[in-house]
Amino acid sequence: MSAADTTTPAKVPPPRQAPPPPPKNRRPRAQRTSGGASAPWLLLAPCLLILALVMGYPLARLVTLSFQKFGQSQLWGFQPAESVGFDNFAKVLGDGEFWAVVLRTIVFAAGAVVFTMVIGMALALLLQRVSGWLKMLINIVLVASWGMPVIVATTVFKWLFDSDYGVFNALLSKLPGVEMIGHNWFASGPEGLAVIMLLVIWGAVPFVVITLSAGLTQVPKELEEAARLDGAGSWGVFRYVTLPVLKPIIVMLTTLSVIWDMGVFPQVFVMRNGHPEPEFQVLNTYSYDRAFVVNDYAQGSAIALVTVLLLLGVVAVYMRQMLKIGEVE
């Protein structure tokens, strides 16, 4: 037997078969894609319709009123509404009291947002270092305080800072050399606004803490350990690892806080028994007074529209920051 007879012949692969032809009833890919693109809009249509009805008409009516002369005579139908162009805006923007209210609102909102974010971040970081049962208890307390109605919370704060029976004055008076019994916190604008700011911060901190706590769970532990091995301390780990991961959440929370705190109304209105003094006026209460106390609905609408434009500027800054974050990622 020769070597050629003992050699195993090589196996030849079978010829490759052509793919089966596509079914005749199958639609082209482009046609299927265009049909699927309209599905999200169809699902969003009911929500967009409700938003247009609930918010679209009031906003359109607000814009219309701001360009008219509209008082009690026009409200009761004794006189027709007259178009006055930009006269209402000229009166509002030329009023020094309006700019004082704008400045007061910006300072109030800025202080409330800064303290809310700092306190919220500190509490969220502390929650990561406590035991499970204590963290659950603190979360329950935060949700309970967050769910408290604004009117109830304002009433509680009025009692806490009451000049005669306030708990806060009684506690401060126990400090050596401090006598606060009978002190009226609302005798001056800055002190009274500080109390209202404390109320706003107390109501906003729970949402910030819960949101940041959820964001902290997404920080990679490997990056934190690597930063510590490289010699970074607690501040270094927070600055170079934790903060960049939380940046989108911080930008969102800051924007929402600015919008909420610039639009504050019930806290000031209820704290001052429905009649805020001039040193307590913010944009929303100032617009309300012009519309329903002075009965100049057109000028109140103009102030409200200017407030909306200011808030749209805040939203534009937020969108720009989010687009930058998306480009980096």
Side-chain angles (χ1 to χ4, degrees), residues 54-55 58-59 61-62 65-66 70-72 75 88 92 95 97-113 115-116 145-168 183-207 256-311 314:
V54 174
M55 301 185 63
L59 186 59
R61 185 60 175 158
L62 179 70
L65 284 176
S66 63
F70 201 95
Q72 275 193 328
L75 179 65
N88 291 322
V92 169
D95 188 4
E97 183 181 1
F98 169 76
W99 291 109
V101 172
V102 171
L103 179 61
R104 186 181 302 116
T105 305
I106 293 175
V107 172
F108 178 89
V113 170
F115 282 107
T116 298
S145 62
W146 185 28
M148 181 179 294
V150 177
I151 304 301
V152 177
T154 306
T155 305
V156 171
F157 266 73
K158 286 181 66 177
W159 170 69
L160 289 175
F161 289 90
D162 186 78
S163 57
D164 297 323
Y165 308 103
V167 176
F168 195 72
H183 178 73
N184 186 4
W185 290 91
F186 298 97
S188 66
E191 287 188 0
L193 286 176
V195 174
I196 299 174
M197 184 186 298
L198 184 62
L199 169 62
V200 172
I201 294 170
W202 180 84
V205 161
F207 175 72
L256 291 176
S257 298
V258 170
I259 293 174
W260 291 337
D261 295 344
M262 285 194 67
V264 64
F265 177 82
Q267 293 89 339
V268 180
F269 190 79
V270 176
M271 193 73 78
R272 301 314 302 140
N273 300 317
H275 302 284
E277 296 84 349
E279 59 268 23
F280 289 93
Q281 293 284 3
V282 292
L283 277 173
N284 276 2
T285 58
Y286 187 65
S287 174
Y288 176 87
D289 273 6
R290 287 292 175 178
F292 299 102
V293 178
V294 185
N295 295 321
D296 191 345
Y297 304 102
Q299 197 171 97
S301 299
I303 296 171
L305 188 58
V306 172
T307 305
V308 171
L309 294 177
L310 289 174
L311 295 179
V314 176

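One is the number of the first residue; the rest follow in order along the sequence. Side chains are part of it too, since the values below use all heavy atoms of this structure and drop only hydrogens, waters and symmetry mates.
Between the side chain of T105 and the backbone N or O of V101 there is at least one donor-acceptor pair closer than 3.5 Å. The main-chain N or O of S66 is found under 3.5 Å from a side-chain atom of N88 such that the two form a donor-acceptor pair.
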Atom pairs and distances, side-chain donor-acceptor, residues 190-201, under 3.5 Å, sequence neighbours left out:
| residue | atom | partner | partner atom | Å |
| --- | --- | --- | --- | --- |
| E191 | OE1 | H183 | NE2 | 3.0 |

Let me check something: any side-chain donor-acceptor pairs from residues 264-282 under 3.5 Å, sequence neighbours excluded? List them with distances.
| residue | atom | partner | partner atom | Å |
| --- | --- | --- | --- | --- |
| R272 | NE | E277 | OE1 | 2.9 |
| R272 | NH2 | E277 | OE2 | 2.8 |
| N273 | OD1 | K158 | NZ | 2.7 |
| Q281 | OE1 | T285 | OG1 | 2.8 |
| Q281 | OE1 | Y286 | N | 3.2 |
| Q281 | NE2 | P276 | O | 3.2 |
| Q281 | NE2 | D289 | OD2 | 2.5 |

What pairs of donor and acceptor atoms, side-chain ones from residues 298-311 against any protein atom, are under 3.5 angstrom apart with sequence neighbours left out?
| residue | atom | partner | partner atom | Å |
| --- | --- | --- | --- | --- |
| S301 | OG | Y297 | O | 2.8 |
| T307 | OG1 | I303 | O | 2.9 |

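W146 pairs by the ring pair (Phe, Tyr, Trp, His ring centres under 6.0 Å) definition with F207, not counting sequence neighbours. The side chain to side chain contact (heavy atoms under 4.5 Å, CB included) test applied to S145 returns W202, P206, not counting sequence neighbours. The salt bridge (Lys or Arg N to Asp or Glu O under 4.0 Å) test applied to R290 returns D95, E97, not counting sequence neighbours. For the side chain to side chain contact (heavy atoms under 4.5 Å, CB included) test, residues two or more places apart in sequence or in another chain that qualify with W159 are V167.
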